[in-house]
**Student:** 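Got a structure for you, questions after.
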2 protein chains.
Amino acid sequence: MLYSKSAEYGIQAMIYLTEYRSDEPTMVSTISDAYDIPHQYLAKIVQTLVKHRLLKAKRGRNGGIFLGRNPKDIYLHEIVYAIDGPPPENEKCAIGLDLCSDETPCPLHHTWKPIKGAIREMLSSENLLELAKRVTEKRRIMNKK
Amino acid sequence: MLYSKSAEYGIQAMIYLTEYRSDEPTMVSTISDAYDIPHQYLAKIVQTLVKHRLLKAKRGRNGGIFLGRNPKDIYLHEIVYAIDGPPPENEKCAIGLDLCSDETPCPLHHTWKPIKGAIREMLSSENLLELAKRVTEKRRIMNKK
DNA sequence: ATTAAACAAGACTAATATATCTTATATTAT
DNA sequence: ATAATATAAGATATATTAGTCTTGTTTAAT
């Protein structure tokens with residue numbers, strides 16, 4: 001809906017790294033096991049994130065990956081864009097008609113535009129640190145039951 | 001984003017039928033030409049819509065398709081569900097974590113839930129007649145330029 | 001009756017996203 | 001030095017979506 005499955009895996013991996021942050025590198029296999037993601041597939045995604053400097057990798061024995069920078073400065077849309085690519089220049093209208101704009105709106109324009117704005121806002125305001133905190137909290141609640 | 005390309009084509013076709021409603025049937029090729037949709041591909045989609053009674057078809061020479069009922073009583077989500085299938089029982093959370101609910105929310109839950117609601121609301125409140133009117137109005141504006 | 005022209009339907013092809021397999025390369029423990 | 005073990009990278013495989021091709025069936029004009 002919001003992004004590809006690959007981007008979803010990427011987000012999960014980065015949340016994991018934030019939640020269990022450490023000076024030691026974390027192996028990709030540790031994350032793929034934790035979230036039940038195919039190992040080699042996640043490895044590919046991780047490579048992309050490393051190229052975009054969102055992750056750092058340490059190769060060789062006892063190697064693994066780290067966050068590329070402080071998680072409170074990493075926003076969701078960066079991860080999504082790195083993996084899925086940036087959104088298209090001229091975004092299509094919701095119904096696929098040509099030339100949708102405020103002046104010549106497509107039939108869904110007035111309803112869809114604010115929703116699209118809310119999505120953009122969500123992806124560009126949520127940072128990894130906050131997300132990871134909420135995951136920790138969620139686990140706490142679930143364990144209590 | 002909201003639905004598959006097939007569903008998008010289906011919506012376009014039904015808007016066309018609403019805008020140019022007539023007692024005579026409209027050929028699938030007329031619509032595929034108008035919206036630049038691959039003819040045979042649209043034909044397949046139309047078959048699905050006929051099976052779901054959203055369209056009626058008249059076979060044979062001088063045949064074509066009609067709306068299955070009054071366009072003001074046809075809502076977007078019906079078209080989408082007919083083509084893409086109904087949404088999954090237990091909708092996944094935005095980040096793909098297990099068990100996302102109000103009690104054990106995923107990290108995006110609070111932001112994403114109202115957006116999802118707005119999308120659902122949009123698809124279930126917009127009817128074909130309104131949409132077609134707006135397309136007509138849009139064309140009027142565009143021609144004036 | 002015959003034929004032309006429309007939708008119906010199934011098999012096939014192409015493109016893309018997802019996933020796996022194999023080999024290379026880097027790094028550390030021994 | 002060597003072996004073990006991690007990421008890097010490229011080729012291959014599978015699943016899904018999008019699109020095409022061919023044939024069947026229905027209907028009306030002739």
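Throughout, a chain's letter reflects where its sequence line sits, starting with A, and its residues are numbered from 1. This one's a predicted model, so the numbers in the text were calculated from it and none came from an experiment.
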**Student:** According to salt bridge (Lys or Arg N to Asp or Glu O under 4.0 Å), does anything in residues 70-81 of chain B pair up with another residue at least two apart or in another chain? List the pairs.
**Tutor:** R69(B)-E78(B)
**Student:** If you look only at pairs with a residue in residues 1-19 of chain A, which of them pass as a salt bridge (Lys or Arg N to Asp or Glu O under 4.0 Å), with sequence neighbours excluded?
**Tutor:** E8(A)-K92(B), E19(A)-R139(A)
**Student:** Quick check: closest heavy atoms across Y75(A) and S124(A), and the distance to 0.1 Å?
**Tutor:** CD2-O, 3.4 Å
**Student:** Please report, rounded to the nearest Å, how far the P atom of dA17(C) is from the CD1 atom of I83(A).
**Tutor:** 13 Å
**Student:** Would you mind listing every salt bridge (Lys or Arg N to Asp or Glu O under 4.0 Å) that reaches into residues 37-50 of chain A, with sequence neighbours excluded?
**Tutor:** none
**Student:** Does either side chain, that of S32(A) or that of S29(A), offer a donor lying less than 3.5 Å from an acceptor on the other one?
**Tutor:** no
**Student:** Decide whether L54(B) and L129(B) are clustered together by the hydrophobic rule: side chain heavy atoms of Ile, Leu, Val, Met, Phe, Trp, Tyr closer than 4.5 Å, transitively.
**Tutor:** no
**Student:** Where along residues 57-71 of chain B does a heavy atom come under 4.0 Å from DNA chain D, residue by residue in number order?
**Tutor:** K58(B), R59(B), G60(B), R61(B), N62(B)
**Student:** Could you pull out all residues at least two apart from R53(B) that satisfy salt bridge (charged side-chain N to carboxylate O under 4.0 Å, His left out)?
**Tutor:** none
**Student:** Rounding to a whole Å, what distance do you find between L55(B):CG and dC7(C):C1'?
**Tutor:** 12 Å
**Student:** ring-ring contact (aromatic ring centres under 6.0 Å, His included): which pairs involve residues 92-145 of chain B, sequence neighbours left out?
**Tutor:** none
**Student:** Under the rule for side chain to side chain donor-acceptor pair (under 3.5 Å), what residues qualify as partners of S125(B), not counting sequence neighbours?
**Tutor:** none
**Student:** Taking only heavy atoms on the protein side, list every residue of residues 15-32 of chain A lying under 4.0 Å from any atom of DNA chain C, sorted numerically.
**Tutor:** none
**Student:** So does I95(A) get a backbone contact from the side chain of Q12(B), meaning a donor-acceptor N/O pair under 3.5 Å?
**Tutor:** yes
**Student:** Using a 4.0 Å heavy-atom cut-off across all strands, classify K51(A) as base, sugar-phosphate, or nothing.
**Tutor:** sugar-phosphate
**Student:** Just grab all the salt bridge (Lys or Arg N to Asp or Glu O under 4.0 Å) pairs involving residues 106-121 of chain A, residues at least two apart or on different chains.
**Tutor:** E91(A)-R120(A), D102(A)-K113(A)
**Student:** Residues in side chain to side chain donor-acceptor pair (under 3.5 Å) with D36(A), at least two apart?
**Tutor:** none
**Student:** Tell me the interatomic distance from D84(A), atom CG, to dA17(C), atom P, rounded to whole angstroms.
**Tutor:** 9 Å
**Student:** Is the shortest side-chain N to carboxylate O distance from E137(A) to R134(A) below 4.0 Å?
**Tutor:** no
**Student:** Which residues in residues 40-50 of chain B have a heavy atom closer than 4.0 Å to any atom of DNA chain C?
**Tutor:** K44(B), Q47(B)
**Student:** Under 4.0 Å from any heavy atom of chain A: name the first and the last nucleotide of DNA chain D that qualifies, 5' to 3'.
**Tutor:** dA4(D) to dA11(D)
